[in-house]
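Just below is one structure, and these are the notes that go with it.
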Number of protein chains: 2
Amino acid sequence: MATNNPTRLDPVTTADKVYEQLLHDIVDGTIASGTKISEPELAKRFEISRSTLREALNRLEKCHLVERKANVGSRVVECSIEGLIELYITREALEGMACRQAAANMTDAEIESMQQMLATHARSQALKDGISYYQEEGDVDFHYKIILGSHNQQLINIICGQLYHLVRMYRIQFGMKSARASRAFQEHSQIVQAIADRDGELAELLMRRHIAASRKNIENKIAQKLEQ
Amino acid sequence: MATNNPTRLDPVTTADKVYEQLLHDIVDGTIASGTKISEPELAKRFEISRSTLREALNRLEKCHLVERKANVGSRVVECSIEGLIELYITREALEGMACRQAAANMTDAEIESMQQMLATHARSQALKDGISYYQEEGDVDFHYKIILGSHNQQLINIICGQLYHLVRMYRIQFGMKSARASRAFQEHSQIVQAIADRDGELAELLMRRHIAASRKNIENKIAQKLEQ
DNA sequence: GTCGTATATATTGTCGACAATGTTTGTTTT
DNA sequence: AAAACAAACATTGTCGACAATATATACGAC
């Protein structure tokens, strides 16, 4: 399945490449959450100068994946349950509004494309039910398309450019495998229908519920894990 | 009036100082919107090296005040009516949610402090009615307090750390002098009441209307200016 | 005279070294 | 032995120079 990721523009400079590598490593936990980052060490590992490493770190800071204190250094952001909840609440606000705007601003062609995508998901889901990875990819693609459909550059930048990296990080590190695939698919369908009807108010409401449900699902899972 | 600005932490490094100076100059238009930034020239002007200037530029990029293209350079962000609308729509989503969270998470002391603030505004407004500068400052302080009251670090970072610089830039450059002072004050009071009642849903609704009204007010003003 | 190409210029990206600040270790004092 | 201070160390911040890329200028072909 093609992951239509709007954040990834071809890296031209070496700082770009290092940024992408570090982004990947942090998101999937190869570089553990909370780790102190040693500039000299990392620079040596990548065989680059500290200047270009710092350039890469600056971009990671932009998506809130590393935090820097003056004269002290950088750390990979710490993953916490509180942080996760805060993130999802922010998502609820932003993606809800993006969905409302999408209902107003998406072209008919874009809507058509979404409906086709859902049809594909339905088929692939019917075939390999339970295999959640594809559903995960599909879920991300679905949300990206709606955000882009808002045609609001501010929303697009904030959500795709910074928030989503953190979302993916939490998903992977907390081992969220989208346990509610069929339910989520149903919700996706309702949302697309609202957009097709150009009903922005309903579209926003449904998206907010969708994300809130996802958050509660994750909260429950974590609560279960803590009980074990 | 003390401007309780949560973004301004004491600058320790020279890059911090240059950042703050540039931030100020860009927001108030001393460095015009859309200007190409020449690194060698700016570095010479501030009598610093290009490295530390680039550090400052990176932070400006974080709040979407400058945009950089690889191997080409940086420009001050362009102010457009579309951009303004997109910004206010984003504000509506984020501050609306922040207000809902504030209703849930603000301490009684924080609420008390807001009520006192409003009382001060009421008095100062009654005295020097029409002098909108204080009202402007007061408005910013009001919104900051609510955002901080959400106790949601993600929302606080996005809104105070990046969005608000742009908001202030648009306000100044488009010459918005808050023509609806008394109306805005009334809306502020209603919002604080909803928060005091711990009615998150209403608080969010009112904040969204408040920002939407502000946006429409600005749009009208711009339309009038274009007619002249 | 205009378009295309090639050279020259300027700007950005990257590098290694030095200065300033934080942190650790070792010593001294109570 | 614990606390306080001092010195050695490591890390981050800043600098100036070089390399790679983009832009501007000059020249030549049609």
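First the proteins, then the strands, lettered A, B, ... as listed; each starts at 1. These numbers come from a predicted model, not from an experiment.
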Qualifying salt bridge (Lys or Arg N to Asp or Glu O under 4.0 Å) pairs with a residue from [range], counting only residues at least two apart or across chains:
{"range": "residues 69-81 of chain B", "result": "none"}
{"range": "residues 30-39 of chain B", "result": "B:Glu39-B:Arg50, B:Glu39-B:Arg54"}
{"range": "residues 89-118 of chain A", "result": "A:Arg91-A:Glu95, A:Glu92-A:Arg208, A:Glu92-A:Arg215, A:Arg100-A:Glu204, A:Asp108-A:Arg198"}

Atom pairs, protein N/O to nucleotides 5-10 of chain D N/O, distance under 3.5 Å:
none

Query raised in the report: Of all residues at least two apart in sequence or in a different chain, which pass the side-chain hydrogen bond (donor to acceptor under 3.5 Å, both in side chains) check with B:Asp16?
Result: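 For B:Asp16 the side-chain hydrogen bond (donor to acceptor under 3.5 Å, both in side chains) partners, ignoring immediate neighbours, are B:Arg59.
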Query - Residue list, side-chain hydrogen bond (donor to acceptor under 3.5 Å, both in side chains) with B:Thr35, at least two apart or on another chain - result: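 For B:Thr35, no residue satisfies side-chain hydrogen bond (donor to acceptor under 3.5 Å, both in side chains) once neighbours in sequence are set aside.
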What's touching nucleotides 13-20 of chain C from the protein side, N or O pairs under 3.5 Å?
| unit_1 | atom_1 | unit_2 | atom_2 | d |
| --- | --- | --- | --- | --- |
| C:dG13 | OP1 | B:Asn71 | N | 3.2 |
| C:dG13 | OP2 | B:Arg54 | NH1 | 2.6 |
| C:dG13 | OP2 | B:Arg54 | NH2 | 3.2 |
| C:dG13 | O3' | A:Thr13 | OG1 | 2.8 |
| C:dG13 | N7 | B:Arg50 | NH2 | 2.8 |
| C:dG13 | O6 | B:Arg50 | NH1 | 2.9 |
| C:dT14 | OP1 | A:Thr13 | OG1 | 2.2 |
| C:dT14 | OP1 | A:Thr14 | N | 2.7 |
| C:dT14 | OP1 | A:Thr14 | OG1 | 2.4 |
| C:dT14 | OP1 | A:Ala15 | N | 3.4 |
| C:dT14 | OP2 | A:Thr13 | OG1 | 3.0 |
| C:dC15 | OP2 | A:Ser49 | N | 2.9 |
| C:dC15 | OP2 | A:Ser49 | OG | 3.3 |
| C:dC15 | N4 | A:Ser51 | OG | 3.2 |

Query raised in the report: Looking at residues at least two apart in the chain, or sitting in another chain, which of them share a ring pair (Phe, Tyr, Trp, His ring centres under 6.0 Å) with A:Phe174?
Result: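 Result, ring pair (Phe, Tyr, Trp, His ring centres under 6.0 Å) vs A:Phe174: A:Tyr170.
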Query - A:Tyr164: partners by ring pair (Phe, Tyr, Trp, His ring centres under 6.0 Å), with sequence neighbours left out - result: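 Applying ring pair (Phe, Tyr, Trp, His ring centres under 6.0 Å) to A:Tyr164 gives A:Tyr144.
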Report task. Check every strand shown and say whether B:Leu57 touches a base, only sugar-phosphate, or nothing at a heavy-atom separation below 4.0 Å. Result ->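 Since no nucleic acid heavy atom lies under 4.0 Å of B:Leu57, the category is nothing.
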Query raised in the report: Are any side-chain N or O atoms of A:Thr90 and backbone N or O atoms of A:Glu86, one a donor and one an acceptor, separated by less than 3.5 Å?
Result: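 Yes; at least one donor-acceptor contact below 3.5 Å.
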